[in-house]
There are 2 protein chains.
Amino acid sequence: MLSQKTKYALKALLYLAQQDANHISKTTDIAEEANIPKKFLEQILLDLKRGHLVGSKQGKFGGYYLLKSKDEITLADIHRLFDGAIALLPCASLNFYERCSDCKSEDECLLRHGLMTIRDETLKAMQGITIASLVKK
Amino acid sequence: MLSQKTKYALKALLYLAQQDANHISKTTDIAEEANIPKKFLEQILLDLKRGHLVGSKQGKFGGYYLLKSKDEITLADIHRLFDGAIALLPCASLNFYERCSDCKSEDECLLRHGLMTIRDETLKAMQGITIASLVKK
DNA sequence: TTAATCTCTACTAGTTTAATAGAATTTATA
DNA sequence: TATAAATTCTATTAAACTAGTAGAGATTAA
């Protein structure tokens, strides 16, 4: 399941994607339109900025805008940025790999292979959903 | 990601699936072999029992055994039993549906459709992984 | 009757989540 | 240059969740 934070991030990106090119959106406007607590949204937008998905302009008349094209931002990207691994266990993860401490041998693990299959299919599905594809629907 | 509990449940089921037919396994043996804290495993086995995946025999020489055939127990079943919804948000879930409180209109929600697509694909993948398929590998 | 086992309920330390608060910094413009 | 409007940064917090631990009770075989 997505965290509330990830869901808010998606809603914020959807908002930005629906603005005219070169338009800069204030946090306040996004928060109101997408129904997100403003101070929480501030943090989320900063995270999105650090993840290079949005850019910002500081000071008066500043705000946020999409940095990457909306058809280049996938659900997989956002999931990884906020909720981490897409795989069901760290030992089956591409980007967040970690060994299981309670696992005797990774090669002999009966679970890992199945979980990697799931990961591949879920990842493919999540990479197929972009901000652009969501806006179009 | 799977919780530790779900992972332990899977490991316990894999252990049970590898025993001879009609064999009854003690919690202690499963805990040792699968490297699971015994008292925690007790709770997990009870949950599996309440979920009708395993059966038990009480008293001396009692223990646990698979109730359903190992090719009928899917990763989706176990996920739902312990970690709940497979969908990424409750509003896109089949078995754990819940309306989003911060969502103005479900029909107009740009997210929901995409998340239902992911759900369908993930579910299909998870239903393709059974305890039997994991043991065979 | 006893030993071995499952069953049930309660408790707990630590972590994570979803915020909230407030001060600091940056920028446009009057 | 002062001010207003915005982002940026750091700290705090209440509530929920996770991963166990503890112990007593019920059941069964011998």
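Just so you know, these numbers come straight off a predicted model, no measurement behind them. Order of the sequence lines sets the chain letters (A, B, ...), proteins ahead of strands, with each chain counted from 1.
- Salt-bridge formation is detected for the pair B/Asp102/A/Lys11: a Lys NZ or Arg NE/NH1/NH2 atom is positioned less than 4.0 Å from an Asp or Glu carboxylate oxygen.
- Regarding A/Asp47, its CG atom lies at a distance of 12 Å from the P atom of C/dT17, rounded to whole Å.
- Checking each of A/Leu81, A/Asp47, A/Leu16 against A/Leu53 for a side chain to side chain contact (heavy atoms under 4.5 Å, CB included) leaves exactly one that passes, namely A/Leu81.
- Between D/dT7 and A/Thr27, a contact under 4.0 Å exists linking OP1 or OP2 to a side-chain N or O.
- B/Arg119 and B/Ser93 get closest at one heavy-atom pair: NH1-C, 4.2 Å.
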Assess the residue pair A/Arg80 and A/Phe96 against the criterion (side chain to side chain contact (heavy atoms under 4.5 Å, CB included)); give the C-alpha distance rounded to whole Å, side-chain angles, the decisive distance to 0.1 Å, and a yes or no. CA-CA 9 Å; A/Arg80 281 172 168 154; A/Phe96 296 84; 4.0 Å; yes
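- Remark: A/Arg99 engages no residue in a salt bridge (Lys or Arg N to Asp or Glu O under 4.0 Å) (not counting sequence neighbours).
- Nucleotide C/dG14 holds its C1' atom 14 Å from the CD atom of B/Gln4, rounded to whole Å.
- With respect to the salt-bridge test (charged N to carboxylate O, under 4.0 angstrom), the residues B/Asp83 and B/Lys5 do not qualify.
- Following rounding to the nearest Å, B/Leu48 (CG) and C/dC6 (P) show an atom-to-atom distance of 13 Å.
- Residues from residues 91-100 of chain A placing a heavy atom under 4.0 Å of any atom in DNA chain C do not occur.
- Within the 3.5 Å criterion, the main-chain N or O of B/Ala17 finds a donor-acceptor partner in the side chain of B/Lys70.
- Comparing atom distances between the B/Tyr64 side chain and each of C/dC6, C/dA18, D/dT8 picks out C/dC6 as nearest.
- For the pair A/Ser56 and D/dT8, the criterion of a side-chain N or O lying under 4.0 Å from OP1 or OP2 is met.
- Under the rule for a salt bridge (Lys or Arg N to Asp or Glu O under 4.0 Å), the partners of A/Lys39 that lie at least two apart in sequence or sit in another chain are A/Glu42.
- The interatomic distance linking B/Phe40 (CZ) with C/dG14 (P) rounds to 17 Å, in whole Å.
- In this entry the distance linking CG of B/Asp29 with P of C/dA4 reads 13 Å, nearest Å.
- With sequence neighbours excluded, the residues satisfying side-chain hydrogen bond (donor to acceptor under 3.5 Å, both in side chains) with A/Asp77 are A/Thr74.
- Mapping A/Pro37 and A/Glu42 onto DNA chain C via the closest heavy atom, the residue that lands nearer the 5' end is A/Pro37.
- Taking the side chain as every heavy atom from C-beta outward, B/Leu45 and B/Ile30 approach each other to under 4.5 Å.
- Other residues, nucleotides and ligands place more than 12 heavy atoms under 6.0 Å from the NZ atom of B/Lys104.
- In this structure, the NZ atom of A/Lys39 is 14 Å from the P atom of D/dA6, given to the nearest Å.
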Pairs under 3.5 Å (N/O, protein and nucleotides 28-30 of chain C):
residue : atom : partner : partner atom : Å
C/dA28  : OP1  : A/Lys57 : NZ           : 3.4

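- Rounded to whole Å, the distance from CZ on B/Phe82 to C1' on D/dC17 is 16 Å.
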I'd like a table of atom pairs between the protein and nucleotides 9-12 of chain C - only N or O on both sides, under 3.5 Å - with the distance next to each one.
residue : atom : partner : partner atom : Å
C/dA10  : N6   : B/Gln43 : NE2          : 3.4

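- Between the C1' atom of C/dA19 and the CG atom of A/Leu41 lies a distance of 12 Å, rounded to the nearest Å.
- Regarding contacts with the backbone of C/dT5, a side-chain N or O of B/Lys26 is found under 4.0 angstrom from either OP1 or OP2.
- The side chain of A/Tyr8 contributes no N or O atom lying less than 4.0 Å from OP1 or OP2 of C/dA18.
- Listed here is the closest heavy atom pair of B/Ile36 and B/Ala12: CD1-N, 4.5 Å.
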